Amino acid sequence: FVPTDVSDAGQMQALVEAAMARFGRIDVLYNNAGGSTMADGPVTTAPFDEFWNKMRVDLFGTWLGCHYVIPHMIAAGGGPV
């Protein structure tokens, strides 16, 4: 287990480096981060910061996972890219 903020590029890079150091390769990437906060609510009342928090975790976090993992999967000669 490596505690990681998926919306932080440095932490995501460190996570991938830790996985590579431990296992030597990555065969599967499963982007499964997200969540709710007490600020969630209808689109008409939710604060803008809450929207951007979701974008950082759900969209940018997924992109970061792909950005750092896919090169390792390609180098290993496989993975469902």
Side-chain angles (χ1 to χ4, degrees):
F1 179 74
V2 180
T4 304
D5 176 350
V6 300
S7 69
D8 181 287
Q11 290 187 40
M12 284 295 285
Q13 184 175 17
L15 170 66
V16 172
E17 289 172 1
M20 290 298 297
R22 172 74 168 92
F23 301 108
R25 63 184 289 150
I26 299 174
D27 295 309
V28 175
L29 171 62
Y30 180 55
N31 283 306
N32 187 35
S36 298
T37 70
M38 296 303 290
D40 280 347
V43 69
T44 56
T45 60
F48 293 132
D49 287 346
E50 187 64 16
F51 171 81
W52 289 116
N53 182 53
K54 297 287 186 269
M55 291 295 102
R56 280 189 299 276
V57 172
D58 297 351
L59 183 60
F60 187 55
T62 298
W63 185 88
L64 285 172
C66 294
H67 177 79
Y68 288 116
V69 170
I70 289 174
H72 293 288
M73 294 170 74
I74 291 170
V81 182

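Please read these numbers as outputs of a predicted model, since none were measured by experiment.
Residue pairs meeting the side-chain hydrogen bond (donor to acceptor under 3.5 Å, both in side chains) criterion with at least one member in residues 55-78, sequence neighbours excluded, do not occur.
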Determine, stepwise, if the pair Asp49 / Asn53 fulfils side-chain contact (heavy atoms from CB on, under 4.5 Å). CA-CA 6 Å; Asp49 287 346; Asn53 182 53; over 6 Å; no

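Minimum heavy-atom separation, Pro47 to Ala39: CD-O, 3.6 Å. Closest of all the heavy-atom pairs between Gly41 and Ala46 is O-CB, 4.0 Å. Shortest non-hydrogen contact noted between Ala33 and Val6 is CB-CG2, 3.7 Å. Nearest heavy atom pair, residue Thr37 against residue Glu50, reads OG1-OE2, 2.7 Å.
With sequence neighbours excluded, the residues satisfying side-chain contact (heavy atoms from CB on, under 4.5 Å) with Pro3 are Phe1. The side chain to side chain donor-acceptor pair (under 3.5 Å) search around Thr4 returns none, not counting sequence neighbours. For Asp40, the salt bridge (Lys or Arg N to Asp or Glu O under 4.0 Å) partners are Lys54, not counting sequence neighbours.
Cluster partners of Tyr30, using a side-chain heavy-atom cutoff of under 4.5 Å among ILVMFWY residues and allowing indirect links: none.
Both Val69 and Val2 are part of a single hydrophobic cluster, where members link through side-chain heavy atoms under 4.5 Å apart. Hydrophobic clustering places Leu59 together with Trp52 (ILVMFWY residues linked when any side-chain heavy atoms are closer than 4.5 Å, directly or through intermediates).
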Indicate every side-chain donor-acceptor pair of residues 11-19 with a distance under 3.5 Å to a residue at least two apart or in another chain.
| unit_1 | atom_1 | unit_2 | atom_2 | d |
| --- | --- | --- | --- | --- |
| Gln11 | OE1 | Asp5 | N | 2.7 |
| Gln13 | NE2 | Glu17 | OE2 | 3.4 |

